There are 2 protein chains.
Amino acid sequence: MTQATSRQATVGGLADSEDGGPADDATPEAASTRERILNVAIDLFTEKGFDGASLREIAERLDVTKAAIYYHFASKDDILMALHMRLHEFGKDALGKMTDEPVTLELWGELLGQLVGQMLAQRKLFLLHERNQAALEKLHRDDHDAEHDDIQDRFRRVLADPRVSLRDRVRMACSFGAAFAGLFMSGDAFEGTSNQELGELLRDAMRDILAG
Amino acid sequence: MTQATSRQATVGGLADSEDGGPADDATPEAASTRERILNVAIDLFTEKGFDGASLREIAERLDVTKAAIYYHFASKDDILMALHMRLHEFGKDALGKMTDEPVTLELWGELLGQLVGQMLAQRKLFLLHERNQAALEKLHRDDHDAEHDDIQDRFRRVLADPRVSLRDRVRMACSFGAAFAGLFMSGDAFEGTSNQELGELLRDAMRDILAG
DNA sequence: GTCTATATTTCGATAGAC
DNA sequence: GTCTATCGAAATATAGAC
């Protein structure tokens with residue numbers, strides 16, 4: 001029996017520090033193989049798509065064999081799931097602010113302002129998700145112990161909440177899209193800009209939409 | 001030799017009406033097999049991703065065999081290219097307004113206002129592109145007779161134009177993202193809304209960003 | 001224009017030695 | 001924890017009959 005257990009992916013680098021599992025690598029020096037696999041996977045899954053990138057490529061880039069990967073992960077899906085959990089970890093703080101009350105434009109603004117900071121810090125992870133929607137949906141479909149507080153689901157539920165006016169809900173979607181486009185759809189057009197400057201410009205634009 | 005010639009995909013349903021090629025199907029009655037393949041491909045490539053969807057599935061859904069598909073298209077890539085050209089056809093009118101002059105916020109607003117209408121009318125085609133970035137990039141990489149006036153490239157070039165202030169360029173990206181999110185990232189949250197109403201709400205939000 | 005049948009490749013995954 | 005070797009499945013694509 002290997003360490004890789006099906007669909008029990010941990011965040012990796014954040015948790016995973018008990019029993020005999022691969023050692024947690026909070027210490028910076030040398031990333032564990034597990035972490036190195038995840039880091040290469042982020043790049044390859046984003047560049048070529050989850051289906052377009054093969055385990056062979058990941059292995060080659062790390063100079064190990066496919067079999068080594070299967071020691072750390074039960075399946076290719078399991079790698080994607082681990083990355084998904086990693087993102088979820090970053091998003092859950094902002095999400096915590098959402099109760100069952102109807103979301104106001106003010107609350108949405110707060111939420112998104114916080115999220116923009118995390119998106120700037122975790123650009124690659126968010127980009128991975130944007131570009132692999134189909135694979136992630138399949139992952140959720142196949143996952144039967146669905147702990148369904150997925151970030152995307154929560155967002156969509158808010159945007160569909162009939163207690164909030166259509167106009168406001170459209171504004172909420174637009175403000176999110178505005179931030180998103182500034183970060184991910186512009187290629188490297190804003191590459192020379194510091195995270196702080198870009199973050200402020202985006203927050204300004206968001207404010208104009210929500211105050212509009 | 002079959003009709004399918006490599007990488008010379010025509011728009012399909014809009015052009016393609018000369019020589020012995022499969023008949024143009026401007027007449028509504030029954031869509032040609034070629035058109036039916038493209039229509040099914042839009043759905044499957046969007047739902048499962050370009051790599052995740054197989055030609056077998058497309059064939060099954062049309063109740064024909066894979067070989068029939070290869071009569072109409074030289075390769076799987078060729079199908080995606082045909083769909084890409086179809087989108088390009090719709091976008092080129094708006095793009096025509098872009099000269100080599102620096103793009104002003106006003107011009108950008110006009111451009112996007114027009115584009116929103118086309119996005120509403122061709123939702124599926126735009127969604128296909130959003131969800132298959134990796135496959136489309138590979139398509140462009142492999143395409144050596146690159147006629148490089150791709151819509152996305154043009155947009156990015158504008159957003160990177162140093163003659164325009166960073167603030168304005170970020171606003172342009174945001175306004176596009178706002179429209180985009182309202183249309184594609186909200187799932188079916190706005191499904192009950194008419195295209196006209198949604199279009200107006202989106203244009204209002206865009207105006208607020210560009211006027212901000 | 002569509003079919004049957006098959007060639008060819010690549011992938012995800014496993015077994016077992018070290 | 002990583003390796004070599006291999007399996008079985010599924011995919012793209014082709015050949016040739018009808």
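As the structure is a prediction and not an experimental result, all values here were calculated from the model. Because only heavy atoms are used, hydrogens play no part in the values below, and waters and symmetry mates are left out as well, while side chains stay in. A note on names: the letters A, B, ... follow the listed sequences, proteins ahead of strands, and every chain is numbered from 1.
- B:T65 comes within contact range of at least one nucleobase, with a heavy-atom separation under 4.0 Å.
- Atom CG of A:L62 is separated from atom P of D:dG1 by 16 Å (rounded to the nearest Å).
- One finds no side-chain N or O of B:Y71 lying less than 4.0 angstrom from the OP1 or OP2 phosphate oxygen of C:dT2.
- Taking atom CD1 of residue B:I37 and atom P of nucleotide C:dG1, one finds them 11 Å apart after rounding to whole Å.
- Between A:F73 atom CZ and C:dT14 atom C1' the separation is 18 Å, expressed in whole Å.
- Using a cutoff of 4.0 Å between basic side-chain nitrogens and carboxylate oxygens, A:R157 and A:D161 are not scored as salt-bridged.
- Taking atom CD1 of A:I69 as the reference point, atom P of C:dC11 lies 12 Å away to the nearest angstrom.
- Out of D:dA13, C:dG1, D:dC3, the shortest distance to the side chain of B:H72 is found at C:dG1.
- For C:dC11, one of the phosphate oxygens OP1 or OP2 lies less than 4.0 angstrom from a side-chain nitrogen or oxygen of A:R56.
- A cation-pi arrangement is not found for A:K138 relative to A:F50, the charged atom failing to lie both closer than 6.0 Å to the ring centre and inside a 45° cone about the ring normal.
- Looking at the side chain of A:S54, the nearest of the listed nucleotides C:dC11, D:dT2, D:dT12 is C:dC11.
- The side chain to side chain donor-acceptor pair (under 3.5 Å) search around A:Q122 returns none, not counting sequence neighbours.
- Spacing between atom CG of A:D51 and atom P of D:dA10 amounts to 15 Å, rounded to whole angstrom units.
- One can place CG of B:D78 at 14 Å from P of D:dT12, the figure rounded to the nearest angstrom.
- Taking every side-chain heavy atom of B:Y70 into account, D:dT12 is the closest of D:dT12, C:dG12, D:dT4.
- Residue A:A67 has its side chain nearest to C:dA15 when only C:dA15, C:dT2, C:dG12 are considered.
- Using a 4.0 Å heavy-atom distance criterion, A:A53 is classed as a sugar-phosphate-only contact.
- A salt bridge does not link A:E60 with A:K66: none of the charged nitrogens is closer than 4.0 Å to a carboxylate oxygen.
- For A:L55 and D:dT6, the CG to P distance is 20 Å, given to the nearest whole Å.
- Two residues, B:K66 and B:D63, neighbour DNA chain C, and the one matched to the more 5' nucleotide by heavy-atom proximity is B:D63.
- Atom P of nucleotide D:dA10 and atom NZ of B:K76 are separated by 15 Å, given to the nearest angstrom.
- The side chain of B:T33 sits closest to C:dT2 out of C:dT2, C:dG12, D:dT12.
- A parallel orientation is assigned to the rings of B:F126 and B:F184, their planes being inclined by less than 30° (bins at 30° and 60°).
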